[in-house]
Each structure stands twice: as structure tokens, then as C-alpha cells.
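Just the heavy atoms: all of them, side chains too, but no hydrogens, waters or symmetry mates, feed the values below.
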Amino acid sequence: MRILVTGGTGQLGRPVVERLRAAGEDVRVLSRKAGPDVVPGDLRTGRGIDSAVAGVDVVVHCATDFFGRETDFARTLVEAARWAGGPHLVYVSIVGVDRVPLGYYRSKLETEEFLAASGLPYTIQRATQFHALVRTLFAGASRLPVLPVPRLSFQPVDVRDVAGRLADLALGDPAGRVADFGGPEILAAAELAQAVAEASGRRRKIVSVRVPGETFRAYAGGGHLAPEHLDGEITFRQYLAEQADAGVLRYRKR
């Protein structure tokens, strides 16, 4: 099977490519950055997209945009896919895009709706927040002597677990929007913040606080969680331990 992975050099795209190649598939990697074994193309301008999509059976769309152009990227991809005979499009979205009033989430939901109306065969997989994002949320604040954290929970998931799921979907039939994919644990923000502080070699007092606003109310209500889908295998603490072993986290004497 010939498969194109957009954003194939990114945080999620890279392990998707690895999984598919390990399965013996013929994989093209689309990226704006030149590099070995990369098909150059730019979803912002459309440059190189027609050539990248030509002849493929499946497109796994991992490229994303945080500045409101998510649907524009998808539109460029869909136009090229139509000319290429209509390959199966696999799109990764986020759990809660229809419940949390965040700008980036709204763009993800708009893109889901666009793909569903495109007339092309498609599969949409929503996943909970990645481990790296959750770590980043608390890493900077962990330097404070007292660490205030919002009174809500997260369900972090490892990109390798999500990549395995996307690879399976790419090798299957188009399925529309499939069941959400969540991390193996739902943990309070205070627990996650403490884990990040400890992994960095720091002891911090954690204080849970209420945060006003519609978006945080949606988070506090669990709009971004998938409690019925504890699908991932790699826990947040396992991820932090791996990061520490790799030297990403700095240890300090307590």
C-alpha cells in the first residue's frame, strides 16, 4: 500500500511513519523541510502537494496549524486528493473539539466537518492531550516555590500509542469518525504538576485553584476527556522517566 504522511517529520508523524514502514508499507513523508527520504511540499501554499498525493492509496494527515489555517490545509489536501483519484484520508483530531470553546479546537472541528462533507473516503480519530503538551504546561511553572494549578484533570496519551492506532486505521477501510482514543490514566492537574516537578528534581508545594472563564469550565467539566477509552499503554510517569533518562529533564539535588 502506498501511504503519504503529512507532517511526517513531526512529533506524531515520525512514529506513524515508523509504524507503517515496520509493517512493510511504502510510505512517503511530506514536509516543508528538506531532508533524506522526504517529499517536499507546503500545505500553506499548495506547492508540491499534487505530486506528493499522486498515486497514493492513503493519506495520514498529521500536519497541523495553530494559527487558524487548519481547514485551509485540509482544503489544499482534499483538492489534490480529488485529482489523484480519491485516496483514503485519515485525520487526527482532539477529544472535546465539540465541547471546549478553544480557538484551536474549533478549527479542528471545522476541519472534521469539512472532511466529512468532502465526498472522499475518510477516517477521523480524536485523541486526548499528548504527554509532551502536558509536560510543557507544567514545566516552566515548576520553577516557582509554590505552584498554582487549575482544578481540573487531564488524560495524557503517548504519541507512540496514537501512532499505532493511526497506522492501524490507515491499513483498514474508511470508517468515518471512530471511537475516541485516550491515555491510560485520568489524573488531576495537581498530580501531573507534582510528577513533572519530581522528575526535574524539585520539591514544590502544589495549590489547586479555580480558573474563571468558559473554556476552563468546559475543561473542569471533563469536556476534553474520554473516560470510557483508557486505550494508551504508556503512562505519564513512564514518559517522564524516559525523558529524564534521555537528558531532556534536568535533575537537581533536593
Side-chain angles (χ1 to χ4, degrees), residues 1-8 10 12-13 16 20 27-28 30-32 39 41-130 157 162-163 165-182 214-215 218 223-226 228-229 231:
M1 188 176 290
R2 293 162 296 182
I3 303 173
L4 174 70
V5 180
T6 72
L12 176 60
V16 170
L20 289 170
V27 183
R28 297 179 186 175
L30 178 72
S31 177
R32 289 187 291 112
V39 177
D42 192 339
L43 288 167
R44 298 174 304 175
T45 64
R47 178 185 59 83
I49 303 303
D50 287 346
S51 298
V53 175
V56 303
D57 303 295
V58 182
V59 178
V60 183
H61 187 29
C62 296
T64 192
D65 178 77
F66 298 102
F67 304 102
R69 297 172 298 185
E70 187 85 8
T71 306
D72 291 337
F73 282 13
R75 185 172 291 107
T76 298
L77 193 59
V78 164
E79 289 175 356
R82 287 187 177 126
W83 282 103
H88 174 197
L89 302 180
V90 179
Y91 178 61
V92 59
S93 188
I94 306 171
V95 170
V97 292
D98 53 346
R99 300 189 294 265
V100 177
L102 196 65
Y104 180 54
Y105 279 34
R106 285 171 175 155
S107 68
K108 282 285 190 179
L109 179 60
E110 180 184 347
T111 302
E112 287 186 11
E113 293 170 346
F114 172 75
L115 293 175
S118 70
L120 295 175
Y122 73 95
T123 301
I124 294 171
Q125 175 67 73
R126 293 181 181 177
T128 53
Q129 293 71 36
F130 294 162
V157 67
V162 178
R165 174 61 171 159
L166 292 176
D168 289 343
L169 293 172
L171 299 178
D173 294 328
R177 184 186 156 199
V178 297
D180 293 345
F181 191 94
E214 185 181 1
T215 297
H224 60 305
L225 305 177
E228 297 179 357
H229 299 284
D231 304 299

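Scanning both residues, Ser93 and Ile124, for their nearest heavy atoms gives CB-CG2, 4.3 Å. Residue Tyr105 comes nearest to Gly96 through the heavy atom pair CD2-O, 3.6 Å, listed as atom of the first residue, atom of the second, then distance. Minimum interatomic distance between Val162 and Ala127 (heavy atoms only, all atoms of both residues): CG2-CB, 4.1 Å. Minimum interatomic distance between Val53 and Ala81 (heavy atoms only, all atoms of both residues): CG1-CA, 3.8 Å. A pairwise comparison of heavy atoms in Val60 and Ala170 identifies CG2-CB, 3.7 Å as the closest pair. Considering every non-hydrogen atom in both Ala63 and Leu43, the closest pair reads CB-CD1, 3.9 Å.
To the nearest 0.5 angstrom, Asp231 atom CG is 11.0 Å from Glu228 atom CD. Interatomic distance, CZ of Phe130 versus CD1 of Ile94, reported as 8.0 Å (0.5 Å rounding).
Judged as a side chain to side chain contact (heavy atoms under 4.5 Å, CB included), and not counting sequence neighbours, the contacts of Arg28 are Leu4, Val39, Val56.
Shown are Val90, Leu30, Leu12; of these, the side chain to side chain contact (heavy atoms under 4.5 Å, CB included) with Cys62 is made only by Leu12. When each of Arg126, Arg106, Arg177 is checked for a salt bridge (charged side-chain N to carboxylate O under 4.0 Å, His left out) with Glu112, only Arg126 meets the rule.
Within the 4.5 Å cutoff, the side chain of His224 has heavy atoms near those of the Gln129 side chain. The closest side-chain heavy-atom distance from Asp57 to His88 is not below 4.5 Å. Residues Leu89 and His61 have side chains not in contact (no heavy-atom distance under 4.5 Å, counting atoms from C-beta outward). For the pair Phe114/Glu70, no side-chain contact is recorded, criterion being any heavy-atom separation below 4.5 Å from C-beta on. Between Leu20 and Leu171 there is a side-chain heavy-atom pair separated by less than 4.5 Å. At a threshold of 4.5 Å between non-hydrogen side-chain atoms, the residues Arg2 and Pro87 do not count as touching.
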(request) Apply side-chain contact (heavy atoms from CB on, under 4.5 Å) to Val178 and Arg165, showing your working. (result) CA-CA 11 Å; Val178 297; Arg165 174 61 171 159; 3.9 Å; yes
(message) If you apply the rule side-chain contact (heavy atoms from CB on, under 4.5 Å), what do you find for Thr128 with Leu225, and how did you get there?
(response) CA-CA 7 Å; Thr128 53; Leu225 305 177; 5.7 Å; no
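Ion pairing of Asp72 with Arg75 is present here, as a side-chain N (NZ or NE/NH1/NH2) and a carboxylate O approach within less than 4.0 Å.
In this structure, Ser107 contributes its side chain and Tyr104 its backbone to a donor-acceptor pair below 3.5 Å. A donor-acceptor contact shorter than 3.5 Å links the side chain of Thr123 to the backbone of Ala175. Lys108 places a side-chain N or O within donor-acceptor distance of the main-chain N or O of Val92, the cut-off being under 3.5 Å. Not a single donor-acceptor pair under 3.5 Å links the side chain of Glu79 to the backbone N or O of Ala74.
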